[in-house]
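To start, the structure itself, in C-alpha cells.
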Amino acid sequence: MHNKTLAELAQGLKRREFSSRELTQHFLERIRRHDRRLNAFITVTPERALADAEAADAALARGEAGPLTGIPLAQKDIFCTDGIRTTCGSRMLDNFPPPYDATVVARLAEAGTVLLGKLNMDEFAMGSSNETSYYGPVRNPWNTDCVPGGSSGGSAAAVAAGLTPAATGTDTGGSIRQPAAFCGITGLKPTYGRVSRWGMVAFASSLDQGGPMARSAEDCALLLQAMAGFDPKDSTSVDRPVPDYGAVLNRELKGVRIGLPKEYFADLDPAMAQVLEAAMAEYRRLGVEFKEVSLPNIGLSVPAYYVIAPSECSSNLARYDGVRYGYRCRDPRDLEDLYLRTRAEGFGAEVKRRILIGTYALSAGYYDAYYLKAQKIRRLIADDFRRAFQEVDALLGPTTPTPAFRLGEKTGDPIAMYLSDIYTIAVNLAGLPGMSVPAGFIDGRPVGMQLIGDYFAEDRLLNIAHRYQRETDWHRRLPPDFA
Ligand code: GLN
C-alpha cells in the first residue's frame, strides 16, 4: 500500500479493497519499523490517527467521501495542531501544545485526511540539511549517510520511505523543493498568498509559504486543492478563486514554451546537466518548445535572501521571551536574566546566527544599507522573472547544484550550506510558484528538476509535471532499503 499514489489509495478506499483503518495501521506499523533509522517523525499520533480513520470509514460507508477522505498524512512540525505539541524543531517549543489548528491543518482535516504525526525539520525552518533540528538530523532513505535536505527533511524522507503517503512542507528559500529533490519526491511551493500561513510558525513572513509534498504531481494537485484558498485570518492570503487543479492535469503540452534560464545552466555540474537534458528530450517528444532566457539579477538572490530572511526572523522570533509560551530557563534572577538565559538555552546555533545578522541589518543606520537595499534587489529579481514570463509559459532548471550531500559535510561552513539553495531562493524572493520533480539519479541519489511558473499558475505547473510523470517512472521508485 505504501507505494501507491493518493489517487490510487482513494480508489482502493472507495472500492472497499481496504479501510482507512487498515491503511492507517499499515503506515503506523511502517513508522514503528523504519523511523528509528530515519528520525523523520518528532511526534507520532496513533490514537488521533485511528480516530480520524474511524470517522473517515464512517463517511465512506455513508457515501460522503471526498477525494482525500481516509488518506493518512503527516504534518511538518511547523504547523500548529490543536493540543498536539508543535516544536518547530526547536527546544524553545519542545513543550508547546498549540490551542488551535493552523488553517492548513484544519482544511486537510475537513477534507477527511488522517493525521499520522508531526515531522522533523530544521530548527524554525532554518537550514538545508535537517541538521539544525533540536531532535537530531533526519537521514536520507536513499543513502542513510546523506542528508534528506531541509528544512522539510522529515516530510521528504517520510514520503520517500513510504512512512506516509504525503506530507506538508513549507518553503522560505527552498525548503519544499530542495528536500523533495534530495529524496526523489514531488514538492510544490505555491505562489505567495495561495496557501494560508495562519498557524504556521513564522520564520520570514514575506517569504514563507506552505505546500504539498508527495509522490506525484497528481497527488500534489489533490492536496493543494484542499490547502489553497483565501483565509480571512491571514492578511497576506490572496482572495482569488482556486482553480480545479485536476481538470487541467492532462492537457497536452504541444506548443507549450519552456524557458531555460541561462544562469541556471552556466556552471551546472555535468552529471546534473545530463539528467536535465534527458528530461528536456522527453518534453520535446511531448511537443514542448524550449527557449533560452536570462535572469540577469539572479546572482544577487542568495545575498539578498540572507539579509531579508534573517531580518524578518529576528523580528518574528522576538516573541520567544520565556514569558508567554514555550521554553523558560530555570530560576531566573530577574527579567533580563530570564530573557537572556531563555533565549541562550532555547535556541540553537543557526537560529542565533540568523537573529544576530537580522538584528544588525535592521539596526538604525544600517537599515538603508542592508534591508532596504535587499528589498530593491528583490524587485529587480521579480522583474527578471516578469520579463521571462512574457516569452515563456514556465521555466525549467535544476532544483539543487548536486544530489544529497553527506551528513556533516557542510555543518562547519554556513556559506556552503546557504549555497545549496542557489537555484530555489529567487522564486521565494519573487513570490512565484515552483516545483521539484524527480528526474533521475546520480550514484543512487535522486535528482530533482525544478519547474517555475508565473503567479498563480500552479495549474499549469502541475500539468507540465504530470505529463512528464506519465512518461517516466522516477517518481515511482522506492529506496531499496524501504521498499
Ligand atoms: N535553506 C534556507 C534557509 O536556511 C531555506 C529554508 C526554508 O526554505 N525554510 O533559510
Side-chain angles (χ1 to χ4, degrees), residues 76-79 88-90 119-133 137-138 147-156 167-183 187-190 192 195 197 200-213 301-317 347-358 361 374 378 399-402 404-405 409-411 413-436 448 450 452:
K76 183 176 183 179
D77 210 15
I78 197 169
F79 288 99
C88 217
S90 181
L119 294 160
N120 205 342
M121 55 180 286
D122 279 300
E123 186 177 6
F124 286 103
M126 297 172 199
S128 305
S129 67
N130 225 290
E131 291 167 298
T132 73
S133 170
V138 177
V147 304
S151 64
S152 313
S155 307
T168 54
T170 63
D171 192 313
T172 302
S175 280
I176 287 176
R177 291 160 288 157
Q178 187 254 25
F182 279 8
C183 291
L188 167 65
K189 176 245 173 244
Y192 183 78
V195 170
R197 291 187 300 110
M200 194 174 106
V201 177
F203 161 14
S205 307
S206 76
L207 300 161
D208 301 341
Q209 184 65 199
M213 300 176 76
S301 52
V302 172
Y305 174 88
Y306 278 100
V307 170
I308 293 169
S311 296
E312 295 183 12
C313 112
S314 74
S315 166
N316 274 325
L317 272 59
F347 290 135
E350 182 60 27
V351 172
K352 287 176 188 163
R353 179 168 21 245
R354 306 269 179 122
I355 292 172
L356 288 171
I357 294 170
R378 187 172 187 176
T399 306
T400 59
T402 63
F405 46 87
E409 188 179 317
K410 296 185 199 279
T411 41
D413 185 350
I415 304 289
M417 188 72 89
Y418 297 170
L419 288 173
S420 70
D421 292 321
I422 192 161
Y423 299 125
T424 49
I425 275 178
V427 170
N428 302 77
L429 290 171
L432 293 165
M435 282 188 85
S436 183
Q450 186 175 203
I452 302 169

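The model shown is predicted, which means the values in this text are computed figures rather than measured ones. Atoms within a ligand are numbered from 1 in the order they appear, just like the ligands themselves.
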Dump the intermediate steps for side-chain contact (heavy atoms from CB on, under 4.5 Å) on Thr170 and Asp208, then the final yes or no. CA-CA 7 Å; Thr170 63; Asp208 301 341; 5.9 Å; no

Residue set satisfying side-chain contact (heavy atoms from CB on, under 4.5 Å) with Ala430, at least two apart, ordered chain then number -> Ala382, Phe385, Leu432, Tyr455

Whether the Ser436 and Lys189 side chains hold a donor-acceptor pair (N or O, under 3.5 Å, no angle test) is what I'd like checked.
no

message = Measuring only between side-chain heavy atoms, which start at C-beta, is Ser152 closer than 4.5 Å to Met213?
response = yes

Sorted by chain and residue number, the residues having a heavy atom closer than 4.0 Å to an atom of ligand 1 are Ala125, Met126, Gly127, Ser128, Ser151, Asp171, Thr172, Gly173, Gly174, Ser175, Phe203, Tyr305, Tyr306, Arg354, Asp421

**Prompt:** Is the Tyr306 ring parallel, tilted or perpendicular to the Tyr418 ring (thresholds 30°, 60°)?
**Reply:** parallel

Practice prompt. May I ask you to check whether Phe182 and Phe405 place their ring centers less than 6.0 Å from one another?
Written response: yes

